[in-house]
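Working notes for the structure below.
Naming convention: chains lettered A, B, ... in sequence-line order (proteins, then strands); numbering from 1 in each chain. Quick note: numbers below take in every heavy atom, side chains included, and nothing from hydrogens, waters or symmetry partners.
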Protein chains: 2
Amino acid sequence: MASGTAAKTERKRGSGVQYVYGVLRDEILELTLPPGAPIDEVQLARRLEMSRTPIREALVRLAGEGLVTTLPNRSTVVANLDFLNLHTFFDAITLMYRVTTRLAAQYHTADDLALIRDEQARFARAVAAHDALAMIASNRDFHAAIATAGRNPYYEGLSHRLLDEGRRYLRLYYAGFEDRLPARYVQEHEDMIAAIAARDVARSDTLARQHADQIVAQIQSLLARDRRQHIEL
Amino acid sequence: MASGTAAKTERKRGSGVQYVYGVLRDEILELTLPPGAPIDEVQLARRLEMSRTPIREALVRLAGEGLVTTLPNRSTVVANLDFLNLHTFFDAITLMYRVTTRLAAQYHTADDLALIRDEQARFARAVAAHDALAMIASNRDFHAAIATAGRNPYYEGLSHRLLDEGRRYLRLYYAGFEDRLPARYVQEHEDMIAAIAARDVARSDTLARQHADQIVAQIQSLLARDRRQHIEL
DNA sequence: TGTATTTTGTTTGTCGACAAGAAACCGCGA
DNA sequence: TCGCGGTTTCTTGTCGACAAACAAAATACA
């Protein structure tokens, strides 16, 4: 974390909020700040060397995206992961995968495709390097690039929210053990790119749905595994 | 708006932001604040008799919901209605109508149904009274109640956003002339309620799609009418 | 007269401070 | 030892003030 001299890094005006927002967001999505952890404003202000006002503003934004929960007159905490309603998450992300991939097949430009391929390359590299954290992040960016290519800001917004939430669920299990990163996802992504490039809407839909089913199945199996570990006799 | 004595209404702590948020939101959705109108913080602070801080916080929340746009270091303005990408709005709201109505048919409780019927009653009353403003608002609440009954917070969030946006589009045309409020919507709503109550998913889907088609067609016809008005020779 | 530059003014972004609630703490009594 | 009321402390919500950034007006110059 390297602090010490407190460099007082003369930030440009207006960049403060964005900076805090980015830091907080990353720490929440990578579970450095675990769900339920309280966020103290003054402490954060000291750590990031700025006033409470920009911190507060960033927190409001994060609350709007559902990443933190603000208890009135009480501390704001990192939003909990709701395992009881996990099915609503699965339902929604499956639908968004399908819809955005379909739209990407219809409306993508050459630049969109290049960006999608870039993200896929980064994803493949992360899987090859057995870097779970990078894999999770680049998987999110891959699907976000597809959503962008679909040119529907409403779907894009919901997709971002769901993908971020998914990052947290995945991070829960790919913490330290870098074993058996699912290389099949790389191939599935390649197939999706091919379908999009061919502007094959029906095939894009099918692939997106299968891909979503894969992820759902994996998270569920991870959940089940976790449950067994918690049983003690 | 009756000012004058500046009653200094001792608000409870923490209610300030919510108050400002509500006022701003209503004025934006009812087009009292037209799209593109600049929002001056200090002016608002004077009008609502509070500091700039809560106003700022409310603006951040509104920006998160896409109702205002914040230009950095410049005034924040009421978000524009993007007629060029109206089709993305139609696409998204049709999908949300279908999905939430389907889910409502599956998961609704007796209380949900009662709430939906309440909103429908208010909608019918507004149509009977030829009160366009009330009709627009209660139509939004009707579909929001259905979304709530669907028990999926992700769909619910996107639906709210789309319904609010729709309020602005509709308000554009139902400004003063209270002529021919479409009474057919009342019947369509009734049919949807019947399908939901019968837990008939397929029929709910069909009705929701037809209802969405109706609204899309109406907005498009209003748009065309408006365009003709704007042509000058 | 038109254009570049300085000056002025207005609005936002950030700061430190203060007051209101809520939680933690303490003392007292049973 | 436990429960209860009051007090203290800690955190948030709100405020007024100041400085930076941008826009517009005023000025200088060709």
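Aromatic ring pairs are classed by plane angle as parallel below 30°, tilted from 30° to 60° and perpendicular above 60°; the pair Y169(A) and F83(A) is perpendicular.
Atoms CZ and CZ, from R25(B) and R167(B) in turn, are 6.5 Å apart once rounded to the nearest 0.5 Å. L113(A) CG to R117(A) CZ: the interatomic distance, rounded to the nearest 0.5 Å, is 4.5 Å.
One interatomic measurement links the two molecules: CD of E57(A) to P of dC15(C), which rounds to 12 Å at whole-angstrom precision. Summarising the geometry, the separation between CE on M50(B) and P on dC15(D) is reported as 6 Å, rounded to the nearest angstrom. The distance between atom CZ of R46(B) and atom P of dG16(D), rounded to the nearest whole Å, is 13 Å. In this structure, D40(A) places its CG atom 15 Å from C1' of dA24(C), rounding to the nearest Å. Here dA22(C) presents its C1' atom at 7 Å from CZ of R74(A), a figure rounded to the nearest Å. Note: CZ (R52(B)) to P (dT14(C)) measures 11 Å, nearest angstrom. The CD-P distance, from Q18(A) to dT14(C), rounds to 11 Å in whole Å. Rounded to whole angstrom, the span from the CG atom of N73(B) across to the P atom of dT10(C) amounts to 18 Å.
At the heavy-atom level, L59(A) lies nowhere under 4.0 Å from the strands shown. In this structure, I55(B) reaches neither bases nor backbone, as no heavy-atom distance under 4.0 Å exists between it and the strands shown.
Comparing dT14(C), dT12(D), dT14(D) against the side chain of S51(A) picks out dT14(C) as the nearest. With distances taken from any side-chain atom of P54(B) to the nucleotides dT14(D), dT12(D), dT12(C), the minimum falls on dT14(D).
A side-chain donor-acceptor contact under 3.5 Å links N152(A) to the backbone of Y154(A).
In the region residues 62-71 of chain B, proximity to DNA chain C at under 4.0 angstrom, judged on heavy atoms, holds for none of the residues.
Note on E27(A) versus R47(A): salt bridge recorded, some NZ/NE/NH1/NH2 to OD/OE distance being below 4.0 Å.
In this structure, a donor-acceptor pair under 3.5 Å is absent between the side chains of T100(B) and E156(B).
If you find the closest nucleotide of DNA chain C to E41(B) and to T53(B), the one lying nearer the 5' end belongs to E41(B).
Between L44(B) and L48(B) the shortest side-chain heavy-atom distance falls below 4.5 Å.
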